[in-house]
Amino acid sequence: MENNIVWHQHEVDKRRRADAKGQKPCVVWLTGLSGSGKSTIANLLEKKLADNGKHTYLLDGDNVRHGLNGDLTFSDKDRVENIRRISELSKLFVDSGLIVITAFISPFKSERDYCRSLLEQNEFVEVFVDTPLAECEKRDPKGLYQKARSGEITDFTGISSPYEAPESPEITLDFSGQSAQESAEQLFTQLKQKGLID
Ligand SMILES: Nc1ncnc2c1ncn2[C@@H]1O[C@H](COP(=O)(O)OS(=O)(=O)O)[C@@H](OP(=O)(O)O)[C@H]1O
Ligand SMILES: Nc1ncnc2c1ncn2[C@@H]1O[C@H](COP(=O)(O)OP(=O)(O)O)[C@@H](O)[C@H]1O
């Protein structure tokens with residue numbers, strides 16, 4: 001690792017960029033099993049924030065794995081690297097003044113905590129999309145659970161690869177009795193209550 005590197009402090013800082021956008025930058029970090037509803041809820045939340053004049057960016061597992069993280073597999077080691085890169089990217093986006101929404105399984109507590117550690121207090125909002133495995137498997141929107149059960153896909157989260165549920169997330173979205181739209185509304189309301197959006 002090269003050591004002769006000096007951090008440049010620029011004239012225009014995070015606060016100035018955020019002030020220009022009239023918002024508080026943060027990361028709304030959705031975590032949950034495949035099929036739990038992360039992408040659907042993240043999309044609805046981003047639309048609601050945009051409708052309210054907020055400048056956002058949505059980072060989604062499937063999309064990021066096509067480009068930036070296209071070299072990574074679903075081994076534990078590569079999932080750690082996946083979330084490390086996403087965390088660093090999220091930090092840069094927060095520095096640019098954006099409200100970042102992420103939708104990654106992010107199965108390991110240590111990597112979610114790593115992202116939290118990169119940010120200032122109140123800039124990281126962990127959101128547990130708490131949909132049980134049985135419900136995710138029933139939905140199976142991409143047919144991946146079926147492939148995992150038949151052994152066509154290995155290392156599949158919840159089946160052949162672990163998922164560590166958050167112990168004290170800032171927000172929990174309970175799948176039972178609430179639609180994706182209602183979950184997005186709940187999320188929006190709780191972000192407001194936390195003073196992250198006005
Ligand atoms: N083996 C295995 N395990 C889990 N998921 C798999 C796997 N293979 C492909 N997929 C598809 O990849 C999406 C998850 O990517 P992530 O980057 O969010 O995963 S992780 O955070 O690195 O664990 C996930 O997207 P979501 O269903 O939106 O969660 C799947 O569509
Ligand atoms: N209450 C709900 N919340 C979120 N998604 C739901 C809900 N009920 C049904 N769904 C459906 O479940 C699927 C979730 O898929 P997706 O959003 O891609 O999840 P993930 O990104 O976690 O893999 C979608 O087809 C969505 O329409």
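First listed ligand is number 1; within each ligand, the first listed atom is number 1.
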| task | Could you see which bit of Gln178 sits under 4.0 Å from ligand 2, with heavy atoms only: side chain, backbone, both or neither? | result | backbone
| How far is atom 20 (S) of ligand 1 from its nearest protein heavy atom, and which residue and atom name does that atom have? | Asn82 ND2, 3.7 Å
| request: Answer with yes or no whether the side chains of Thr172 and Asp130 bring together a donor and an acceptor at under 3.5 Å. | output: no
| query | Considering only the protein, which heavy-atom contact is closest to atom 1 (N) of ligand 1, and what is its distance? | reply | Asp155 O, 2.8 Å
| Does Arg116 pair with Glu111 as a salt bridge, N-O distance under 4.0 Å? | no
| When you check the gap from the basic side-chain N to the acidic O, do Lys91 and Asp95 get nearer than 4.0 Å? | no
| query | Is the closest heavy-atom distance from Gly35 to ligand 2 below 4.0 Å? | reply | yes
| task | Mind checking whether Phe104 contacts ligand 1 via backbone (N, CA, C, O), side chain (CB onward), both or neither, at a 4.0 Å heavy-atom cut-off? | result | both
| Basic-acidic side-chain contact under 4.0 Å: Lys54, Asp198 | yes
| Is ligand 2 less than 4.0 angstrom away from at least one heavy atom of Leu33? | yes
| said: Residue-level breakdown please: for Asn69 versus ligand 1, do any non-hydrogen atoms fall below 4.0 Å on the side chain, on the backbone, on both, or on neither? | reply: neither
| message | Could you check whether Ser96 and Tyr57, counting side-chain N and O atoms only, form a donor-acceptor pair closer than 3.5 Å? | response | no
| query | How are the rings of Phe124 and Trp29 set relative to one another: parallel (under 30°), tilted (30 to 60°) or perpendicular (over 60°)? | reply | tilted
| query | Between Ile105 and ligand 1, which part of the residue brings a heavy atom under 4.0 Å of the ligand: side chain, backbone, both or neither? | reply | both
| task | Give the residue and atom name of whichever protein heavy atom lies nearest to atom 24 (C) of ligand 1, and the separation in Å to one decimal. | result | Asp62 OD1, 4.0 Å
| task | For Arg85, look at atom CZ and say whether over 12 heavy atoms of other residues, nucleotides or ligands are found less than 6.0 Å away. | result | yes
| request: Could you tell me the residue and atom name of the protein heavy atom closest to atom 16 (P) of ligand 1, and the distance to it rounded to 0.1 Å? | output: Arg65 NE, 3.6 Å
| For atom 28 (O) of ligand 1, which protein heavy atom lies nearest, and how many Å away is it? | Lys142 NZ, 3.0 Å
| said: Would you compute the distance between atom OG of Ser90 and atom CZ of Phe104 and round it to the nearest 0.5 angstrom? | reply: 7.0 Å
| request: Any atoms of ligand 1 less than 4.0 Å from a non-hydrogen atom of Arg79? List them with their elements. | output: 1 (N), 2 (C), 3 (N), 4 (C), 22 (O), 23 (O)
| task | Can you pull out the closest protein heavy atom to atom 30 (C) of ligand 1? Residue, atom name and distance to 0.1 Å, please. | result | Leu144 CD1, 3.5 Å
| request: Say whether Val64 and Val100 are linked into one hydrophobic cluster, either directly or through other cluster members, by side-chain heavy-atom distances under 4.5 angstrom. | output: yes
| query | Is the NZ or CZ atom of Arg65 positioned over Phe74's six-membered ring, under 6.0 angstrom from the centre and within 45° of the axis? | reply | yes
| Looking only at protein heavy atoms, which one is nearest to atom 8 (N) of ligand 1, and how far off is it? | Phe74 CE1, 3.4 Å
| query | Below 3.5 angstrom, do we get any N/O pair linking Lys38 and ligand 2? | reply | yes
| Counting heavy atoms only, which part of Arg139 comes closer than 4.0 Å to ligand 2: side chain, backbone, both or neither? | side chain
| Those atoms of ligand 1 less than 4.0 Å from some heavy atom in Ser34 | 26 (P), 27 (O), 29 (O)
| Looking only at heavy atoms, which two atoms of Leu33 and Lys38 are closest? And how far apart? | O-NZ, 2.9 Å
| request: Classify the contact between Asp60 and ligand 1 as side chain, backbone, both or neither, using a heavy-atom distance cut-off of under 4.0 Å. | output: neither
| message | Check Lys109 with Glu126, please: is the shortest side-chain N to carboxylate O separation under 4.0 Å? | response | no
| Which ligand 1 atoms does Gly35 reach within 4.0 Å, using its non-hydrogen atoms? | 27 (O)
| said: If the cut-off is 4.0 Å to any non-hydrogen atom of Ile83, which atoms of ligand 1 fall inside it? | reply: 21 (O)
| request: Taking only heavy atoms of Ser179 into account, list the atoms of ligand 2 that are under 4.0 Å away from them. | output: 1 (N)
| query | Hey, are Gln190 and Gln186 close enough side-chain-wise for a donor-acceptor pair under 3.5 Å? | reply | yes
| query | Looking at Thr154, which atoms of ligand 1 are within less than 4.0 Å of one of its heavy atoms? | reply | 1 (N)
| task | Considering heavy atoms of the protein only, find what lies nearest to atom 17 (O) of ligand 2 and give residue, atom and distance to 0.1 Å. | result | Thr40 OG1, 2.4 Å
| Between the candidates Ser39, Gly32, Pro141, which shows the shortest non-hydrogen contact distance to atom 25 (O) of ligand 2? | Pro141
| said: Looking at Glu135 and Arg139, is there a salt bridge between them, counting it only when a charged N and a carboxylate O are closer than 4.0 Å? | reply: yes
| remark: Nearest heavy atom to atom 3 (N) of ligand 2, choosing from Ala184, Ala180, Gly37, Ser183, belongs to Ala180
| Should Ser34 be listed as contacting ligand 2, given a heavy-atom distance under 4.0 Å as the test? | yes
| Contact partition for Leu72 relative to ligand 1, non-hydrogen atoms under 4.0 Å | neither
| said: To check your reading of the model: name the closest protein heavy atom to atom 21 (O) of ligand 1, its residue, and the distance in Å. | reply: Ser106 N, 2.8 Å
| If two hydrophobic side chains count as joined below 4.5 Å and joins carry through other members, does Leu45 share a cluster with Ile105? | no
| message | I'd like to know if Asp155 pairs up with Arg79 as an ion pair, taking the criterion as any Lys NZ or Arg NE/NH1/NH2 lying under 4.0 Å from an Asp or Glu carboxylate oxygen. | response | no
| query | Which of the atoms of ligand 1 are close to Pro107, meaning less than 4.0 Å from one of its heavy atoms? | reply | 21 (O), 23 (O)
| field | Salt bridge present between Arg149 and Glu137 (N-O < 4.0 angstrom) | value | yes
| query | With a cut-off of 4.0 Å, which atoms of ligand 1 are near a heavy atom of Lys38? | reply | 29 (O)
